[in-house]
Structure formats: structure tokens, C-alpha cells
Amino acid sequence: MCTKGNLVLAGFVASVLILAVAASGCITTGTSKEKVLVVGTSADFPPFEYKDPSTGNITGFDMDLIKMVAQKAGYDRVEIKDMDFDSLIPALQTGKVDVVIAGMTITPKREQVVDFSAPYWKADQAVVVRKNSDIRVSSPDDLKGKVIGVEKGTTGALYVKNKLGNSVTMKEYNGYVAALQALLNGQVDVLVLDSPVANMFTSRYNVKVIYTIQTNEHYGIAVRKGNKELLNKINKALNEIMNSPDWNKLVAKYFGG
Ligand code: GLN
């Protein structure tokens with residue numbers, strides 16, 4: 001039989017236990033020493049990061065790459081956090097994620113607020129239209145007067161803003177799914193986005209690439225500014241991977257060939 005006194009005692013013991021768990025910040029398990037690399041990405045950028053249509057899991061070139069990097073750098077696993085592209089750098093700065101890998105171009109402006117790994121991929125900006133469109137572009141000037149869709153916070157958006165300014169109408173979208181919808185619906189005339197992703201879209205949607213703007217961009221993995229320890233580990237791992245047969249396998253897996 002349970003007396004009132006025992007109940008009070010049991011309640012007290014339970015509270016102490018709850019407090020102890022809360023204070024430790026986590027419920028520890030047998031694998032409490034597990035080292036987890038928290039990765040920020042924006043999963044609508046195929047083939048770098050996207051949701052597998054059949055499973056809904058986030059997959060892609062960058063995801064495989066960061067898993068390989070993490071393993072070499074001594075992590076047990078990665079945890080992927082998916083968000084809008086323009087939330088990634090703030091998430092890194094506020095410690096919500098440890099690294100960002102998202103086909104992110106190394107730019108001087110971003111380098112003021114985060115640190116980048118060595119480059120791992122090259123890209124330019126592509127001009128994408130509906131497959132049945134008769135828009136022709138043979139120089140960026142031909143974009144004047146057009147309604148241009150871009151993804152917020154990207155180098156494509158920056159290019160359109162800085163190089164074309166008021167001569168065009170720029171519409172910013174939070175993701176490429178929405179931007180593509182806008183193009184297919186006729187709400188915008190063209191999209192400006194990274195060339196490797198634009199090429200991938202041509203095989204999945206009713207769109208075509210009509211022009212490439214040579215912007216000579218390089219993708220890097222971003223870490224918090226001054227996080228030298230992690231950056232060194234990432235660069236070492238990246239260098240090993242890029243000089244191993246694994247690199248060609250990874251490229252073939254996502255780009256064919
Ligand atoms: N490379 C471009 C940038 O860094 C676009 C990246 C993306 O949309 N995921 O801005």
C-alpha cells in the first residue's frame with residue numbers, strides 16, 4: 001500500500017530525476033559520446049541537394065560529400081537541417097548548424113561573415129526559359145525589359161540586381177520549386193540560376209537553357225568565422241576525397257558519365 005508520505009517522496013525523486021535530465025541538456029543513451037556534425041542545406045538544388053521523390057529523404061552530391069568529409073574528420077554521423085537558402089548563413093552564425101553545404105558560392109561578401117573551405121565545384125549563371133519560349137539572349141543586355149525570377153539571397157539574384165538593376169523586373173522566390181512554378185505559369189519570363197542546376201532542371205521540367213553568363217563561381221563548404229579547427233579538418237578531408245577515386249565515383253553518380 002502506498003501512503004501519502006511515500007507518494008510525496010516518489011514525486012520528489014521523480015522531480016529530481018527530471019531536473020537532472022533537463023540540466024544535462026539531453027537524455028543520454030549508450031551512444032552519448034556520438035560526434036554529430038550538424039549540416040545546414042537548402043534541399044531544392046539538384047543534383048547537389050534535393051528531396052528524393054520516392055522517399056522524401058534529402059540526398060544529392062553535397063550530402064554524400066559532407067558525409068564522407070564528416071567521417072574522415074572523425075564524426076559518427078551528420079544531421080541535416082533543411083531551410084531557405086538565405087537562412088543558411090544566419091543559422092551558421094547563430095550556431096544552429098556547424099557547417100553549410102548548399103552549392104554555396106564563395107564570394108568576398110560572404111567571406112566577411114563566414115569562412116569557406118577550398119573550392120569543390122565550378123558554376124556560372126544560366127538563363128532558363130519555358131521550352132516553347134522564343135526569347136533569345138545573346139548577351140546580358142538582351143535581358144532588359146524582362147521579368148526575371150531568382151532565388152532570394154543567391155549569386156543569381158545579386159547578378160540581376162547589380163548588373164541589370166532597374167532595366168529588368170526581378171522577382172525573388174524562397175526556393176527553386178516556387179521559382180520554377182512561376183516560370184512554368186508565365187509569371188516570369190526567365191530564371192537566372194546556377195548552370196549545373198539549370199541543366200538538371202532541363203531534364204526534369206519543360207524548360208531549356210538559352211544562355212550562360214560566365215560568372216566563374218566556386219562552391220565551398222562554410223563554417224563559422226574563425227572556426228579554424230573545423231575548417232582545417234574539412235579541408236584536409238576534402239583534399240583527400242578530391243584526390244581519390246571516390247571523387248570520380250561521386251561525380252559520376254550525380255552527373256552521369
Ligand atoms: N551558388 C549560388 C549561391 O551561392 C546558389 C546556391 C543555391 O541556390 N543553393 O548563391
Side-chain angles (χ1 to χ4, degrees), residues 34-83 85 88-89 91-92 97-107 110 114-126 151 154-156 175-177 193-205 209 212 215-223 227 230-257:
E34 207 181 33
K35 271 189 80 185
V36 180
L37 184 68
V38 184
V39 177
T41 197
S42 189
D44 70 350
F45 204 60
F48 295 98
E49 40 271 327
Y50 57 97
K51 290 203 180 97
D52 184 310
S54 50
T55 63
N57 291 339
I58 297 171
T59 179
F61 184 95
D62 283 348
M63 300 299 99
D64 284 11
L65 179 58
I66 199 67
K67 280 176 199 156
M68 287 156 79
V69 165
Q71 198 188 18
K72 279 193 186 289
Y75 289 87
D76 298 307
R77 64 179 179 92
V78 300
E79 185 187 322
I80 308 291
K81 291 200 172 168
D82 184 25
M83 59 192 86
F85 185 77
L88 288 168
I89 288 183
L92 192 54
V97 300
D98 301 319
V99 299
V100 165
I101 186 163
M104 185 175 273
T105 303
I106 303 167
T107 70
R110 289 176 183 158
V114 298
D115 285 335
F116 281 103
S117 70
Y120 67 89
W121 203 261
K122 280 186 190 162
D124 290 303
Q125 291 299 311
E151 185 179 30
T154 60
T155 46
Y176 286 112
V177 175
L193 75 149
D194 291 28
S195 48
V197 178
N199 290 332
M200 199 54 58
F201 283 162
T202 61
S203 61
R204 295 188 185 186
Y205 302 92
V209 171
T212 303
T215 49
N216 296 316
E217 300 178 39
H218 293 95
Y219 294 169
I221 302 169
V223 301
N227 192 351
L230 182 56
L231 190 62
N232 289 342
K233 282 187 194 164
I234 289 175
N235 274 331
K236 187 167 174 282
L238 194 57
N239 183 53
E240 278 172 28
I241 295 162
M242 289 179 79
N243 287 301
S244 81
D246 290 344
W247 184 252
N248 290 341
K249 275 189 219 151
L250 182 62
V251 173
K253 179 174 173 190
Y254 289 103
F255 291 90

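Keep in mind that what you see is a predicted model, and the values were worked out from it rather than measured.
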Separation of [Y] [atom2] from [X] [atom1] (nearest 0.5 Å):
X    : Y    : atom1 : atom2 : value
I241 : K236 : CD1   : NZ    : 11.0 Å
F45  : I101 : CZ    : CD1   : 11.5 Å
I234 : D98  : CD1   : CG    : 8.5 Å
Y219 : I106 : OH    : CD1   : 11.0 Å
E217 : S195 : CD    : OG    : 8.0 Å
T55  : D52  : OG1   : CG    : 3.5 Å

Which atom of [X] lies closest to which atom of [Y], heavy atoms considered:
X    : Y    : value
A43  : D82  : N-OD1, 2.8 Å
S117 : L238 : OG-CD2, 3.7 Å
S42  : F85  : OG-N, 3.2 Å
A222 : F116 : CB-CE2, 3.9 Å
L193 : Y176 : CB-CE2, 3.6 Å
A237 : K72  : CB-CB, 3.7 Å

Taking the six-membered ring for Trp, is the centroid-to-centroid distance between F61 and W247 below 6.0 Å?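 Between W247 and F61, which both carry aromatic rings, the centre distance is below 6.0 Å.
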
Ring centroids only, cut at 6.0 angstrom: are F48 and Y120 within range, meaning strictly under it?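 No, too far apart.
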
Side chains of [X] and [Y]: does their closest heavy-atom pair fall under 4.5 Å?
X    : Y    : answer
V114 : V223 : no
V97  : M83  : yes
M104 : L88  : yes
T41  : M63  : yes

Any donor-acceptor pair under 3.5 Å linking the side chain of [X] with the backbone of [Y]?
X    : Y    : answer
S244 : D246 : yes
D62  : G103 : yes
R110 : T105 : yes

Output, in order, the C-alpha distance, side-chain angles, deciding distance and verdict of side chain to side chain contact (heavy atoms under 4.5 Å, CB included) for I221 and V100. CA-CA 6 Å; I221 302 169; V100 165; over 6 Å; no

Ion pair check, D44 and K51, cut-off under 4.0 Å: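 Here D44 does not pair with K51 in a salt bridge, since their nearest N and O are not under 4.0 Å apart.
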
Give the intermediate values and the outcome of side chain to side chain contact (heavy atoms under 4.5 Å, CB included) for residues V36 and D76. CA-CA 6 Å; V36 180; D76 298 307; 6.0 Å; no

Do [X] and [Y] get their side chains close enough for a donor-acceptor pair, meaning under 3.5 Å?
X    : Y    : result
T215 : Q125 : no
N239 : N235 : no
N57  : T59  : no

Contacts of type salt bridge (Lys or Arg N to Asp or Glu O under 4.0 Å), residue D124, not counting sequence neighbours: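 For D124 there are no salt bridge (Lys or Arg N to Asp or Glu O under 4.0 Å) partners, ignoring immediate neighbours.
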
Dump the intermediate steps for side chain to side chain contact (heavy atoms under 4.5 Å, CB included) on D64 and Y254, then the final yes or no. CA-CA 10 Å; D64 284 11; Y254 289 103; 3.0 Å; yes

Decide side chain to side chain contact (heavy atoms under 4.5 Å, CB included) for N216 and K122; before the verdict, give the C-alpha distance in whole Å, the side-chain angles of both, and the deciding distance to 0.1 Å. CA-CA 7 Å; N216 296 316; K122 280 186 190 162; over 6 Å; no

